[in-house]
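So that the names make sense, note that chain A is the first sequence line, chain B the second, and so on, each numbered from 1.
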Amino acid sequence: MTTTSPVTNPPRRTQPRTPAGKMGKFVDDRLNVAGPLRKQLNKVFPDHWSFMMGEIALYSFIVLLLTGTFLTFFFDPSQTEVVYNGRYVPMQGIEMSRAYASTLDISFDVRGGLVIRQIHHWAALMFVAAMMIHMFRVFFTGAFRKPREFNWLIGLGLLALGIVEGFAGYSLPDDLLSGTGLRIADAIMLSIPVVGTWVSFLVFGGTFPGHIFLDRLYIAHVLLIPGIILALISAHLALVVRQKHSQFPGNGRTEHQVSGERVYPIYAAKAGGFFFIVFAALAALGAFAQINPIWLFGPYQPSQVSSGSQPDWYMMFLDGSTRLFPSWEIRLWGHTLPPLFWPTVVLPGILGAMAALYPFIEARMTRDYQHHNLLQRPRDVPVRTSLGLMAITFYVVLFLSGGNDIIAHVFDISLNAMTWGGRIALLILPPIAYAATYRICLGLQRHDREVLEHGIETGIIKVLPTGEYIEVHQPLGPTDDHGHGLLEYSGTPVPKRMNQLGVMSPVKLIRGFFYPVTEKPELQAAIDEADAAETSQRQHQLTE
Amino acid sequence: MTDDFDGELGFEPAVPATGAEPSAAARGPQRRPTLRRKLAAAAVLTGALGAMGGSYAAFAASSGAANQPSSAQQIAEGRQLFENSCITCHGANLQGVVGRGPTLLGVGGAAAYFQVSTGRMPLAQQGPEANRKPPMFTEAQTEALAAYVQSVGGGTAAPTGNLRGSSADIAVGGDLFRLNCASCHGVTFKGAPLSAGKYAPSLYPSTDKQMYTAMLTGPESMPVFSDNQITPDQKKAIIAYVQNIKASKDPGGEGIGRIGPVSEAVVIWVAGVGALMIAILWIGAKSQ
Ligand code: HEM
């Protein structure tokens, strides 16, 4: 600001009179933010239900910060051995680390501790799940295309960090399950060729489990990783604001302009409300469903292990890949490559790299280097959609194999059969998913074109004078001499049923939750009149 | 962080101190005097009974498992039952029948009790493992069969008397369970598959005596835990722990199967993500 205009007080009449207004002026006089803020608040945010998946992740993260802070007041990460004499009788007199004992205290002796612990854990599961479905939405609609590749990469970073953060949290209470998980993590580090041993020593400060590891993990869990996540989320959202949110094509939505709700007040009100819905869902889970009952697992002792030890869901695919991968041990140049190396280090490395490179590979393959602000319907890009489904199928097979012992036990299947079934499914199901998705996409595309050309099936059957029966089709727009529709497909949903005409959503047709809301009588009369006119005109057309 | 307020606020420990024998000491201060008096009475009674049972058990268990001399009549009844139901597979003299069933000489009454009372014997069909079924015989008949098998072949006799440790043993029992049994049955003893269709069953239906005899005899893939490995008192402690956890409620809400992360994964995706997907569809539909 290099202008040198004299400082003038605004004219008297614009002085605010309400308390809120005075407050606003007080702040603005000092910080001078009204201008830029107004610009931001007037931004519009396009609306589509699938755009709210990212918000679920954001709100889960906020819930994690709130509940996590509560837990830090009572949790003690020390590995010092103590004898438990808290309220939970089946552990009284047992030796355990302070970390485990303080988690028992949070669960049984701190008022409200258990429910907060449970909300925290459910929110962690939700956080990663929401990020993942948000990522699917971004993938299948092509939202990652130029110029949004950076946000795709930041998002992947968040997903990876979310998983690491979750695993760190799962490992903190030092119960039998988390100790077993850490031991496996140690084995994975050790399996890295050449540097493995050093990596493990570095992380654990000596051999596993050591004495300082939980302290380190604690700092990583409560400070380091959340800090990075927070910074990345800020960058992620700043980019969304800067680049504008992408939108589905439709009325008034082009590559060059956004249409939707203003950030303030409509979008802000909706987002605020949605925060409470997410919080409520997580609180309900925390209150009614038990999660990670560490008192049933016992303190970690290296000599003990339980069957059915599983990681949280987001790590289960690695457990699954380990269970499916054959135990090939490779010796190369005097180094042993343990079988664990491939499914737990190489495989996630490849998956991550493929996801990170995908936007660039796709641009290369399709030679599409344009800016894109309009999203695509998944059916219109069959190759990408099918690749996505193929990847998801691959992931789901690994994920289910991570719990294959439980599945085998519950459904009374042999565990060996589950392992072999998993191996075979991992190889043949993804290509099948690709082929099936491809066909479905083409079928949906064709149906859209058909409706545009021939009109909607009305369900009205007509007998021609020749005795032939035909179904009357309602054209969607102007037709040519042969009665073929002239509308071009424009990437928006095509109405397929009569009652979708005019308004896209059937929900919109009937307003009101239990009873249809009746419009104002005079309005309704006008609408009825217009409807009648239109119908008679239509009738006229049909009979022509 | 202390117990002091709990009585006033009516806050009970979320977890019953012990499922088996609630002792007043483990329950913390009580709010209503009548309840307190009742509990004191219960404690005295439990204490007296426990002392009696304990001294009896100490007496009887001095030889490891307790054997009561079985009467000739009981043995004769057992023989009758054996000849009706078991002889086709195990032979007239318990020597076994090739291709049908192993010899029962030396397996002892404990094994017979375990197999018959859990319904595993008489075997319904050959498979990777004998499954638990509703038992075919009454408790008395089962004991008669055990007495007969014991009298012919000898071996470890079925134990009698109180087989469950007191509430003071629960914690130790838990530790022993995690050390010796959790690797197959799982920390929450829900069971788990072993290789090739075999599995370690859930311990939820097991009675005290079935658990005791299972440890003594090590059915099929399960190792034998002789009295040298796990003393009779330790066995009773393990039983006290398992029965206590079975009887206790889940303090954190619905236990969702007590199988840990797998059922949690199902809940977060179906209930959690499912509910929020419905919510965003609803919000989305409202706004178009
Ligand atoms: C900490 C976790 C995350 C949070 C809190 C978060 C939050 C958000 C929010 C609120 C938006 C705007 C609304 C929307 O499109 O849903 C957004 C957009 C976006 N996110 Fe995320 N996200 C996270 C993780 C991810 C992941 C894992 C990816 C993909 C690998 C990703 C990629 C994107 C992209 C490309 C956009 C721009 C979408 C567009 O403009 O259409 N994000 N994110």
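Annotation: side chain of A/Y88 is not in contact with side chain of B/P251 (no heavy-atom distance under 4.5 Å). Contact annotation: the side chain of A/E95 never approaches that of B/D175 to less than 4.5 Å [non-hydrogen atoms, C-beta and beyond]. Within the 4.5 Å cutoff, the side chain of B/N244 has heavy atoms near those of the A/P90 side chain. Using a 4.5 Å cut-off on side-chain heavy atoms (C-beta onward), A/P293 and B/D250 make no contact.
Residue B/K133 qualifies as enclosed at atom NZ: its count of foreign heavy atoms under 6.0 Å is above 12. Shown here is A/N416, whose CG atom has more than 12 heavy atoms of other residues, nucleotides or ligands within 6.0 Å. Annotation for B/Y204: atom OH counts as buried by contact number, over 12 foreign heavy atoms lying within 6.0 Å. More than 12 heavy atoms of other shown residues, nucleotides or ligands fall within 6.0 angstrom of atom OH in A/Y395. Under a cut-off of 6.0 angstrom, the local environment of CE in B/M277 is crowded, with over 12 non-hydrogen atoms contributed by other residues, nucleotides or ligands.
Between the NZ atom of A/K270 and the CD1 atom of B/I283 there is a distance of 8.0 Å, given to the nearest 0.5 Å. Put simply, CG on A/L415 and OH on B/Y199 are 14.5 Å apart, with the number rounded to the nearest 0.5 Å.
The two atoms that bring B/L276 and A/A281 nearest to each other are CD2-CB, 3.9 Å, heavy atoms only. In terms of heavy atoms, A/I277 sits closest to B/A279 at CG2-CB, 3.9 Å. Between A/L285 and B/G272 the shortest heavy-atom distance is CD1-CA, 4.1 Å.
The salt bridge (charged side-chain N to carboxylate O under 4.0 Å, His left out) pairs that include a residue from residues 402-414 of chain A are A/R323-A/D405, where partners are two or more places apart or lie in different chains.
Taking chain A as the reference chain and counting heavy-atom pairs below 4.5 Å, the highest number among B/S195, B/G253, B/G174 is found for B/G253. With respect to chain B, the highest number of heavy-atom pairs below 4.5 Å among A/I266, A/V410, A/I406, A/T419 belongs to A/I406. Heavy-atom pairs under 4.5 Å with chain B peak, among A/F297, A/Y84, A/F288, A/W122, at A/W122. Top candidate by heavy-atom pairs under 4.5 Å with chain B, chosen from A/Q118, A/H121, A/R117, is A/Q118.
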(message) Determine whether A/Q92 and B/I170 satisfy the following criterion, side-chain contact (heavy atoms from CB on, under 4.5 Å), listing intermediate values before the conclusion.
(response) CA-CA 9 Å; A/Q92 280 168 0; B/I170 292 175; over 6 Å; no
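Between the side chain of A/Q290 and the main chain of B/G252, a donor-acceptor pair closer than 3.5 Å is present. The closest donor-acceptor contact from the side chain of B/E264 to the backbone of A/N292 lies under 3.5 Å.
Residue A/I94 touches chain B through its side chain alone, counting heavy-atom pairs closer than 4.5 Å. With a threshold of 4.5 angstrom between heavy atoms, B/A168 does not approach chain A through any atom at all. Heavy atoms closer than 4.5 Å to chain B are found nowhere in A/L282, neither backbone nor side chain. Contact annotation for A/I56: only side-chain heavy atoms (C-beta onward) come within less than 4.5 Å of a heavy atom of chain B. Heavy-atom distances place no part of A/I407 under 4.5 Å from chain B, backbone and side chain included. The parts of B/I268 that come within reach of chain A are both its backbone and its side chain, each placing non-hydrogen atoms under 4.5 angstrom from that chain. Of the atoms belonging to A/F399, it is side-chain heavy atoms, and not backbone ones, that fall under 4.5 Å from chain B. Both the backbone and the side chain of A/M91 come within contact range of chain B, judged by heavy atoms closer than 4.5 Å.
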Could you give the side-chain donor-acceptor pairs of residues 176-194 of chain B under 3.5 Å, partners two or more places apart or in another chain?
residue : atom : partner : partner atom : Å
B/N180  : ND2  : B/L176  : O            : 3.0
B/H185  : ND1  : B/P201  : O            : 2.9
B/T188  : OG1  : B/R258  : O            : 2.8

